[in-house]
Amino acid sequence: MKTQQQKLSQYAKDNHVPVMMEDGLAFLLDQVRQAKVKNFLEIGTAIGKTAIAVASLDPEIQVVTIERDPKMIEAAKINIAESGLASQITLIEGDANEVALPDFLADCIFIDAAKAQYQRFFAKYSPILSRNGIILSDNMNFHGMVDHPERTNNRNTKHLLKKIRMYREFLKSLEDFETTFMDVGDGVAVTRRKKR
Ligand SMILES: C[S@@+](CC[C@H](N)C(=O)[O-])C[C@H]1O[C@@H](n2cnc3c(N)ncnc32)[C@H](O)[C@@H]1O
């Protein structure tokens, strides 16, 4: 019998919902375990797949996840209810640029929403990162095209690639944070506060 995660993968594939790639998700779950994350914040819920996978690691993990698309919100609510983990997952409905900051320090912030807005999300949410917390940013390679923009002629995609490249440079330029770019999944940046 299929697990809920397998069903959600199939649903995402059939309905063209962009969810984290499987090896990227395995890497994220490993990071969450290693860092003993208790409060996880996700920007961009989609159908709730990653939120549910994180919550299922440990009953002590609380997940807050933000989504603005009403169709995704509807699907995520159903999936979260079916997961039996609703007491661990809070879905905030609205634009992550506009909603109020969650009332906690996050041990892990997962940025996985509109790619062109990553720098804004980082600026807004990094102040609530706990002292030893990590910020994970997905799609840093964007299907290998960030380093090979010649692979597309689509103007919108080219613009997006430029934004991702700028975000990577932004992360590298931060004085208070250090970032490792992992070539896993679609490219995951792992950012932590510099130890002083
Ligand atoms: C790549 S999907 C998220 C996948 C999910 N993190 C996972 O791994 O299962 C990105 C989602 O972010 C949402 N999104 C994009 N920009 C947003 C914003 N500014 N505020 C809230 N949600 C946003 C989109 O509607 C979309 O559902």
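Just so you know, residue 1 is the first one in the sequence shown, and it goes up from there. Side chains are part of it too, since the values below use all heavy atoms of this structure and drop only hydrogens, waters and symmetry mates. Every number for a ligand or one of its atoms is a count from 1 in the order of the listing.
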### Task
Could you name the option among Glu93, Lys71, Arg68, Gln117 that has the heavy atom nearest to atom 23 (C) of ligand 1?
Arg68
### Task
Using a strict cut-off of 4.0 Å, indicate which atoms of ligand 1 neighbour a heavy atom of Phe110.
6 (N)
### Query
What is the closest protein heavy atom to atom 20 (N) of ligand 1, and at what distance does it sit?
Ala96 N, 2.9 Å
### Query
Is atom NZ of Lys71 surrounded by more than 12 heavy atoms (other residues, nucleotides or ligands) closer than 6.0 Å?
no
### Query
Which protein non-hydrogen atom lies closest to atom 12 (O) of ligand 1, naming both residue and atom, and how far is it?
Gly44 CA, 3.3 Å
#### Entry: Asp95: numbered ligand 1 atoms lying under 4.0 Å from its heavy atoms
18 (C), 19 (N), 20 (N)
### Query
Out of Met21, Lys115, Glu67, who gets a non-hydrogen atom closest to atom 26 (C) of ligand 1?
Glu67
### Lys163, NZ: over 12 other non-hydrogen atoms inside 6.0 angstrom
no
### Query
Is there a nitrogen or oxygen of Met20 sitting under 3.5 Å from a nitrogen or oxygen of ligand 1?
yes
### Message
Would you say Asp183 and Asn141 are linked by a side-chain donor-acceptor pair, where the criterion is simply a distance under 3.5 Å?
### Response
yes
### Query
Going through the checks in order, is the side-chain hydrogen bond (donor to acceptor under 3.5 Å, both in side chains) test met by Asn79 and Gln4?
CA-CA 8 Å; Asn79 294 330; Gln4 188 191 26; 4.6 Å; no
### Message
Can you confirm whether the side chains of Ser9 and Glu22 place a donor and an acceptor under 3.5 Å from each other?
### Response
yes
For residues 55-62, please give each side-chain donor-acceptor pair under 3.5 Å, one per line with the distance, not counting sequence neighbours.
| from | atom 1 | to | atom 2 | distance (Å) |
| --- | --- | --- | --- | --- |
| Ser56 | OG | Ile52 | O | 3.3 |
| Ser56 | OG | Ala53 | O | 2.8 |
| Asp58 | OD1 | Glu60 | N | 2.7 |

### Query
Is ligand 1 less than 4.0 angstrom away from at least one heavy atom of Ala51?
no
### Message
Suppose we measure from atom 14 (N) of ligand 1 to each protein heavy atom; which comes out shortest, and what is that distance?
### Response
Ala113 CB, 3.6 Å
### Query
Is ligand 1 under 4.0 Å from a heavy atom in the side chain of Thr45, in the backbone, in both, or in neither?
backbone
### Query
Are any of the N/O atoms in Gly48 less than 3.5 Å from those in ligand 1?
no
### Message
List ligand 1 atoms under 4.0 Å from Ala46, heavy atoms only on the residue side.
### Response
2 (S), 3 (C), 4 (C), 27 (O)
### Query
Are more than 12 heavy atoms from other residues, nucleotides or ligands located less than 6.0 Å from atom CD of Glu74?
no
### Query
Is the side chain of Tyr125 donor-acceptor paired with the backbone N or O of Ala96 at a distance under 3.5 Å, no angle test?
yes
#### Entry: Protein contact of atom 8 (O) of ligand 1 - nearest heavy atom, named by residue and atom, plus distance
Thr50 OG1, 2.6 Å
### Task
Determine, using ring centers only, whether Tyr118 and Phe170 are less than 6.0 Å apart.
no
#### Entry: For Met72, atoms of ligand 1 separated by under 4.0 Å from a heavy atom
27 (O)
